[in-house]
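Right, one structure below, let's go through it.
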Amino acid sequence: MPEEIAAPVTNNFLRTIIDEDLKSGKHAGIVTRFPPEPNGYLHIGHAKSICINFGLARDFGGRCHLRFDDTNPAKEEQEYIDSIKESVRWLGFDWGKHLYYASDNFDQLYQWAVYLIEQGKAYVEDLNAEQIRAYRGTLTEPGTESPFRSRPVAENSDLFRRMKDGEFPDGTRVLRAKIDMASPNMNLRDPVLYRIIHTPHPHVGDTWKIYPMYDFAHGQTDAIEGITHSICTLEFESHKPLYEWFLDNLPVPARPRQYEFARLNLTYTVMSKRKLQELVRLGIVSGWDDPRLPTLEGLRRRGYPSAAVRSFCEQIGVGRSDSWIDVSILEECVRTHLNETAPRAMAVLRPIKLVIDNYPVGQTEEFTAANHPQRPEMGSRSILFSREIWIDADDFMEVPSKGFHRLTIGGEVKLRSGYIVTCLSVVKDGDGEIIELHGEYDPASREGIHTADGRKVKGVIHWVSAENAVNAEVRLFDRLFSDPNPDRGGIDYKQFLNPDSVQILTDCRLEASLADAVDETRYQFERQGYFCLDPKDAGSGTLVFNRIVTLRDTWAAKK
RNA sequence: UGGGGCGUCGCCAAGCGGUAAGGCACCGGAUUUUGAUUCCGGCAUUCCCAGGUUCGAUCCCUGGCGCCCCAGCCA
């Protein structure tokens, strides 16, 4: 693999903070973490977080942990744990021996909850969820203290122990921190610390009947792991005072700091777990790895190189203002990477036969075609020329539109790596559908794009010999939605589904060398785009290609 | 309407009191057997608005305006 394209490293507020912390000696080294809850599959938004956390650790000589924030067994599954690990690896990051689970700290967390009770800073709540909500007040009105808030310490201790022992059913009691029911910050109005859940946990099984809430687990876990910079998204900002309250009131071994950045929003797609889930459940997409989805498994199956996803994450930067990134930036990163690395090949997606009448029946020739026009070290391959060849329907127009410089009747065109040919006639069936084209070639035109009389041929088209072409299915993917922001409120996002987000072409003719296409290799089908074998459906003699992304097409854009 | 945060080119984003980096997009032009690539050139007298402080402000102060987040026993 070629070396990673060095992305211009622009400064950002996190780098500035870390620089200062290191310079001032506040930290000798940095420790970050990527802390997904294993309740679903990762998507490109997570990739941003992964690149930030692992990238910062890499750039500043620190380390980054992979931590499963598994505090809610009702939503988590082993399948997600496995998928997440695989996706992080695919993205090219390595947590080494630093794989952790919040649930590994359940004993410690429980001890700390007991400690808070003993300090008179936590109490067992008997009010139900609905009552708790009512007592919490509103954004503009202070809450009301629960009648159980002044429960004696001994009673709290006893009740909490019995909650842990599984004596009470789900939802009957919770443990709450005693902070301030009148706080303008809702998170400080006696937040719930523990709830009762009698559901087996994917990592710790059925040892626990009570589970800590995110707020009671995250900061403490950061402290236990020695995280120096706990980086999360903006919506956790109002949790920071709580995060710090626990660090202040518990005998934690370290003092991590939380920093927030703006999460990634991408146009023409949806990112919320709920919507992604619905697309899968409704069968609108084929699964979590559908190549049109922004999931990491989807992008991977689509053929996006992980290096391109990484450079995308570098390029969009990290800030604190809400932003919408246009998907075209992601696509451009993919093109940039693939242009340099992908071997070229010729593939006719919508074949029409062109018969070269002045080329002898039965004769063939082998031409040499470079695998990459700018990189001779990538070698070359031989392609077969014969009397009958396939060309793309898009490259022929009986009545050419203005500016069209491909094949027309009476017009000439250069066959890439081959001869100049002229089309002389069209054969149609009764319905007026084109059956085949007839034409002639210029034997002296193997090299260059000039005719014998010195004219320069404007068009160059791809083609494949009918003699040895291989058949394949090619899937052309496009954006899943036709609106830049299908996720906007008020309207059902499914209204914006792009009806042509996938086109399956089953009768494609590819150059013979593609019969040996390799799984991990991305090819450029010249003049069309980048393609790779579908990792799921290709194999055992069946060729199925996915279009990763088209080539830039200023001609099509102009039309 | 309580609290917190954000507002620099079409989209991101540097800048942190000394006179607007970069990327993507876009527009020209050159090279090209991919209408691709590459290459050159252009692209914010101006930083949400209005006042103020200062020799000097995108950066400081005041007041507006706009957008986002918080009322899960989700994370």
Side-chain angles (χ1 to χ4, degrees), chain A residues 7-8 10-12 16 35-37 39 69-72 74-75 125 127-129 132-134 136-143 170-176 182-189 191-197 210-211 213-215 217-218 232-241 260 262 267 273 314-326 328-329 331-333 335-336 339-340 344 346 369-370 372-374 403-406 414-418 420 445-450 457-462 524-529 550-558:
Chain A
T10 57
N11 200 27
N12 64 52
T16 303
E37 182 191 16
N39 68 344
D69 219 340
D70 54 351
T71 55
N72 188 353
K75 298 192 169 185
E125 173 67 273
L127 256 29
N128 63 34
I132 289 176
R133 190 182 334 116
R136 188 151 31 223
T138 67
L139 292 178
T140 53
E141 297 156 334
D170 288 11
T172 51
R173 273 182 242 265
V174 292
L175 182 72
R176 290 231 257 174
S183 172
N185 183 337
M186 301 297 285
N187 295 297
L188 262 20
R189 321 245 264 225
V192 171
L193 268 29
Y194 268 91
R195 71 288 215 199
I196 300 167
I197 304 176
I210 55 171
Y211 288 87
M213 295 287 287
Y214 162 84
D215 287 304
H218 208 91
C232 61
T233 45
L234 243 22
E235 65 269 29
F236 289 99
E237 194 166 26
S238 58
H239 291 244
K240 182 145 69 180
E260 313 85 14
T267 57
K273 198 156 295 172
E314 288 296 336
Q315 225 166 91
I316 59 176
V318 186
R320 286 175 60 84
S321 52
D322 298 316
S323 60
W324 281 87
I325 307 291
D326 202 289
S328 63
I329 291 177
E331 292 166 348
E332 198 46 40
C333 286
R335 288 192 188 101
T336 300
N339 175 50
E340 297 187 10
R344 317 278 123 132
M346 291 205 281
H372 190 115
Q374 283 84 33
F404 182 83
H405 53 236
R406 275 105 99 150
K414 172 76 178 182
L415 296 178
R416 170 121 250 233
S417 305
I420 291 174
S445 64
R446 261 290 285 126
E447 301 298 329
I449 51 167
H450 290 272
V457 176
K458 275 184 304 202
V460 177
I461 65 169
H462 58 276
Q524 184 194 94
F525 289 178
E526 287 196 281
R527 303 208 309 131
Q528 306 189 86
T550 61
L551 247 36
R552 266 187 80 209
D553 190 349
T554 50
W555 164 243
K558 220 165 273 181

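Naming: A, B, ... by sequence-line order, numbering from 1 per chain.
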So [X], base contact, sugar-phosphate only, or nothing? Heavy-atom distance under 4.0 Å.
X      : answer
A:S321 : sugar-phosphate
A:E526 : base
A:E237 : sugar-phosphate
A:H218 : nothing
A:F236 : base
A:S323 : sugar-phosphate
A:E125 : nothing
A:H239 : base

- Rounded to whole Å, CG of A:N11 lies from P of B:A20 at a distance of 21 Å
- Message: Expressed as a whole number of angstroms, how long is the span from A:N185:CG to B:G5:P?
- Response: 11 Å
Would you give the length of the straight line joining atom [atom1] of [X] to atom [atom2] of [Y], rounded to the nearest 0.5 angstrom?
X      : Y      : atom1 : atom2 : answer
A:Q315 : A:E332 : CD    : CD    : 8.5 Å
A:M346 : A:Q528 : CE    : CD    : 10.5 Å
A:I316 : A:I329 : CD1   : CD1   : 8.5 Å

OP1 or OP2 of [N] under 4.0 Å from side-chain N/O of [X]:
X      : N     : answer
A:R320 : B:C6  : yes
A:T554 : B:A36 : yes
A:R195 : B:C74 : yes
A:R136 : B:G72 : yes

- Evaluate side-chain hydrogen bond (donor to acceptor under 3.5 Å, both in side chains) for A:N185 paired with A:S183, printing each intermediate quantity in order. CA-CA 5 Å; A:N185 183 337; A:S183 172; 5.5 Å; no
- What pair of heavy atoms forms the shortest contact from A:E37 to A:D69, and how long is it? CG-O, 3.4 Å
- Task: Indicate, yes or no, whether a donor-acceptor pair under 3.5 Å links the base of B:U34 to the side chain of A:Q528.
- Result: no
- Item | Quiz item: A:R552 side-chain donor-acceptor pair to B:G35 base, under 3.5 Å | no
Could you measure between the two [atom1] atoms, the one in [N] and the one in [M], and give it in whole Å?
N     : M     : atom1 : answer
B:G35 : B:C16 : C1'   : 46 Å
B:C59 : B:U54 : C1'   : 13 Å
B:U45 : B:U53 : P     : 27 Å

Partner nucleotide of [N] by Watson-Crick or wobble geometry (both distances under 3.5 Å):
N     : result
B:G2  : B:C70
B:C60 : B:G52
B:G35 : none

- Task: Indicate whether A:Y214 forms a stack on B:A75; treat it as stacked only if centroid distance is below 5.5 angstrom and interplanar angle below 30 degrees.
- Result: no
- Query: What is the ring orientation for A:Y214 with A:F236, classed by angle as parallel under 30°, tilted 30 to 60°, or perpendicular over 60°?
  - Reply: tilted
- Kindly label the base of B:G63 as syn or anti, based on whether its glycosidic torsion lies within 90° of 0. anti
